[in-house]
Number of protein chains: 2
Amino acid sequence: MSAAILGKLEALHPLPDDDRALLHAVVGRGRPLKAGDDIVREGERTDVVHVILEGHGYRYKTLADGKRQIIGYLVPGDFCDLYGFLLDRMDHGMATRTACRIAELSEEHILMLTSRPALARALWWSELVNASILREWLVNMGRRTPSVRVAHILCELLVRLQVVGEATNDSFRLELSQAELGDTVGLTTVSVNRALQKLRSAGLIQQTNREIAIPDVAALKAFADFDPSYLHFRKDRDESAEGRA
Amino acid sequence: MSAAILGKLEALHPLPDDDRALLHAVVGRGRPLKAGDDIVREGERTDVVHVILEGHGYRYKTLADGKRQIIGYLVPGDFCDLYGFLLDRMDHGMATRTACRIAELSEEHILMLTSRPALARALWWSELVNASILREWLVNMGRRTPSVRVAHILCELLVRLQVVGEATNDSFRLELSQAELGDTVGLTTVSVNRALQKLRSAGLIQQTNREIAIPDVAALKAFADFDPSYLHFRKDRDESAEGRA
DNA sequence: CGGTCGGTTGACATGTCTCAATTAACGTGG
DNA sequence: CCACGTTAATTGAGACATGTCAACCGACCG
């Protein structure tokens, strides 16, 4: 089960065996959380780092008027609040959207991990990629039409879930309601629904329940204006190069 | 002139004297750039880290159809592409919007700096705050109305420019065209213009040329739904507490 | 079997973008 | 120091698209 952690971290560099062993030992089996549970609430001060071992979640902010904006997805292998030791206080909340298994690491544990160069590099790299994803989401919301926006996030999910072994070449299980998709890309439920309809009727995606199948991945990526280089996966660079050729 | 660098970095922790000296020595006087110059282009691979000593700039991405999204502002003291050594390639471009003075640090220089704990902390902290700002911008674009959006970015600029000594308690020089503001918050020039008119006629801001004066800062912050805690400045925490009381 | 949540649909109001023209501010060269 | 050209700001009219409101359907759970 903790293979997934390595999966995400090794998207950067393969870890030395002893680092892998240390990581496993420190992380342990974690504790289970139900779907919809809070992991950390907004404004909270926390002295542990939460690591997702299994399941999915998201980062979010809530506005005064109750509106919500999702500002990131959490997948297995994510060190959710690594920066908690540098920043004083959570500027956003985190919640699960499926049942999860989550480890809580103390500052000592983190120091133990980050004293290993390969692990430290992998963790910071992950943090930087998260920031890069935020930048792309900003572009998505600011300058793309609803259906392109939705298509783009679907492309991203496909690629990111592939990395943690939860998607095939052309399909994955969408663990998000249309309301949550809307809170991600800045649309209402109704608009998300119609955007998805558009994608379906254009033959770009097929939906059965929560299962998304993509008949022609290159076509969807083209429609979505999706260039995976912002995810900074080594493998995708080649892939995108050939997709473009 | 390089006092501004320290200003930004010391918003976290005051630096030990020898770290300050090292920083000054490494950074030097920099080289001048004209307004509108590219600092680094999208997709470029760079082996130096650019540091803004003077002037202002922004990070941006350009879409296939020519639309642009600004994804961050650069102010004096910013290490623009600190992560260049961890990530392979710039996922966005950076340009100046005023005349600038910019230093270019080699990997050796960076290693020299990051081997000092206080400096390393300050640099990473800065990186994390940038990510936090991105999250808030996402909320801004996704879930706020145009005039609130514009008001929010003005509040942010006020606070951030105060930190580098370029704003008074209630005013600052806006170094952005309305088109650039629009590219920041996901609006057209026309909508930005009308949003600003709304703020002016509501008495929330006063504009003379590019100078923004805010008669009642608390009122603008309230209108903008602005809570500065996402900037993670120690001082602002108290300020916001009293502003709220 | 009933209730809840998520998805779907329609009608409608509103707001934002587009297009286009006008005015104002600024920098440059004569 | 003024004339001109360029960029930025402002305004108006109209099309279009998204949000709002509300109802309905369907699946899943207890």
Side-chain angles (χ1 to χ4, degrees), chain A residues 34-37 56 58 63 65-70 95-99 140-154 173-202 205-212, chain B residues 34-37 56 58 63 65-70 95-99 140-151 153-154 173-201 205-212:
Chain A
K34 291 192 305 294
D37 281 354
H56 294 258
Y58 48 77
L63 302 202
D65 61 1
K67 282 178 191 144
R68 187 179 60 165
Q69 176 68 43
I70 290 178
T96 61
R97 66 174 198 253
T98 67
N140 212 25
M141 290 220 305
R143 295 297 177 212
R144 290 203 259 252
T145 63
S147 56
V148 177
R149 255 187 251 185
V150 171
H152 194 279
I153 199 78
L154 292 180
R173 183 173 171 75
L174 180 68
E175 292 288 10
L176 291 166
S177 69
Q178 294 184 354
E180 288 167 328
L181 263 184
D183 283 338
T184 304
V185 296
L187 295 171
T188 60
T189 317
V190 176
S191 297
V192 170
N193 186 287
R194 289 181 175 140
L196 285 171
Q197 284 178 41
K198 205 178 278 184
L199 297 181
R200 265 177 280 161
S201 67
I205 64 170
Q206 290 163 356
Q207 263 185 298
T208 58
N209 298 323
R210 289 271 175 102
E211 211 67 35
I212 304 280
Chain B
K34 291 192 304 296
D37 281 355
H56 294 258
Y58 49 76
L63 301 202
D65 60 1
K67 282 179 191 145
R68 186 179 62 163
Q69 175 69 43
I70 290 178
T96 61
R97 66 173 196 254
T98 67
N140 211 26
M141 289 219 306
R143 292 300 178 210
R144 290 203 259 252
T145 63
S147 56
V148 177
R149 254 187 252 185
V150 171
I153 200 78
L154 292 180
R173 183 172 171 76
L174 181 67
E175 292 287 11
L176 291 167
S177 70
Q178 295 183 356
E180 288 167 329
L181 263 183
D183 283 338
T184 305
V185 296
L187 294 170
T188 60
T189 317
V190 176
S191 297
V192 169
N193 186 286
R194 291 182 173 139
L196 284 172
Q197 285 179 38
K198 205 179 277 185
L199 296 182
R200 266 178 278 162
S201 66
I205 64 169
Q206 291 163 357
Q207 262 184 298
T208 58
N209 297 323
R210 289 272 175 102
E211 209 67 36
I212 303 280

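All values below were derived from every heavy atom in this structure, side-chain atoms included, with hydrogens, water molecules and symmetry-related copies excluded. Numbers restart at 1 for each chain; the letters A, B, ... are given by sequence-line order, proteins then strands. Bear in mind the structure is a predicted one, so any value in this text is a computation, not a measurement.
The distance between atom CZ of B/R149 and atom C1' of C/dC17, rounded to the nearest whole Å, is 13 Å. What separates CZ of B/R173 from P of C/dC26 is a distance of 8 Å, to the nearest Å. Between the CZ atom of B/R144 and the C1' atom of C/dG15 there is a distance of 19 Å, given to the nearest Å. Between B/E211 atom CD and C/dC26 atom C1' the separation is 16 Å, expressed in whole Å. The nearest whole Å value for the distance from the CZ atom in B/R97 to the C1' atom in D/dA8 is 16 Å. Put simply, CG on B/D183 is 14 Å from C1' on D/dA8, counting in whole angstrom units. We find that NZ of B/K198 is positioned 13 Å from P of C/dT14, with the value rounded to whole Å.
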Enumerate all atom pairs, one protein N or O and one N or O from nucleotides 15-17 of chain D, separated by less than 3.5 Å.
none

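At the heavy-atom level, A/G186 lies under 4.0 Å from the strands shown only through sugar-phosphate atoms.
By the salt bridge (charged side-chain N to carboxylate O under 4.0 Å, His left out) test, A/R200 is found to be paired with no residue, residues two or more places apart in sequence or in another chain being considered. Applying the salt bridge (charged side-chain N to carboxylate O under 4.0 Å, His left out) criterion to A/R143, with sequence neighbours excluded, gives B/D183. Shown here are the side chain to side chain contact (heavy atoms under 4.5 Å, CB included) partners of A/N209, two or more places apart in sequence or in another chain: there are none. Partners of A/R210 by salt bridge (charged side-chain N to carboxylate O under 4.0 Å, His left out), not counting sequence neighbours: none found.
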Kindly list each side-chain donor-acceptor pair under 3.5 angstrom involving residues 184-196 of chain B, sequence neighbours excluded, with atom names and distances?
residue, atom, partner, partner atom, Å
B/T184, OG1, B/Y73, OH, 2.7
B/T184, OG1, B/E180, O, 2.8
B/T188, OG1, B/S191, N, 3.3
B/T188, OG1, B/S191, OG, 3.2
B/N193, OD1, B/Q197, NE2, 2.4
B/N193, ND2, B/Q178, OE1, 3.0

> For nucleotides 6-12 of chain C, read 5' to 3', which letter fits each nucleotide if B means a protein heavy atom sits under 4.0 Å from the base, S means only the sugar-phosphate is that close, and - means neither?
Replying inline: SSBBBB-
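Atom CD1 in A/I70 sits 8.0 Å away from atom CG in A/L181 (nearest 0.5 Å).
Among all heavy-atom pairs drawn from A/T96 and A/T98, the shortest one is CB-O, 3.4 Å. Residue B/N140 comes nearest to B/R149 through the heavy atom pair O-CG, 3.1 Å, listed as atom of the first residue, atom of the second, then distance.
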> Could you go step by step and tell me if B/Q207 and B/I212 meet the side-chain contact (heavy atoms from CB on, under 4.5 Å) rule?
Replying inline: CA-CA 5 Å; B/Q207 262 184 298; B/I212 303 280; 3.5 Å; yes
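Taking five base pairs at each end of the helix from C/dC1-D/dG30 to C/dG30-D/dC1, the local helix axes there meet at an angle of 40°, rounded to 10°.
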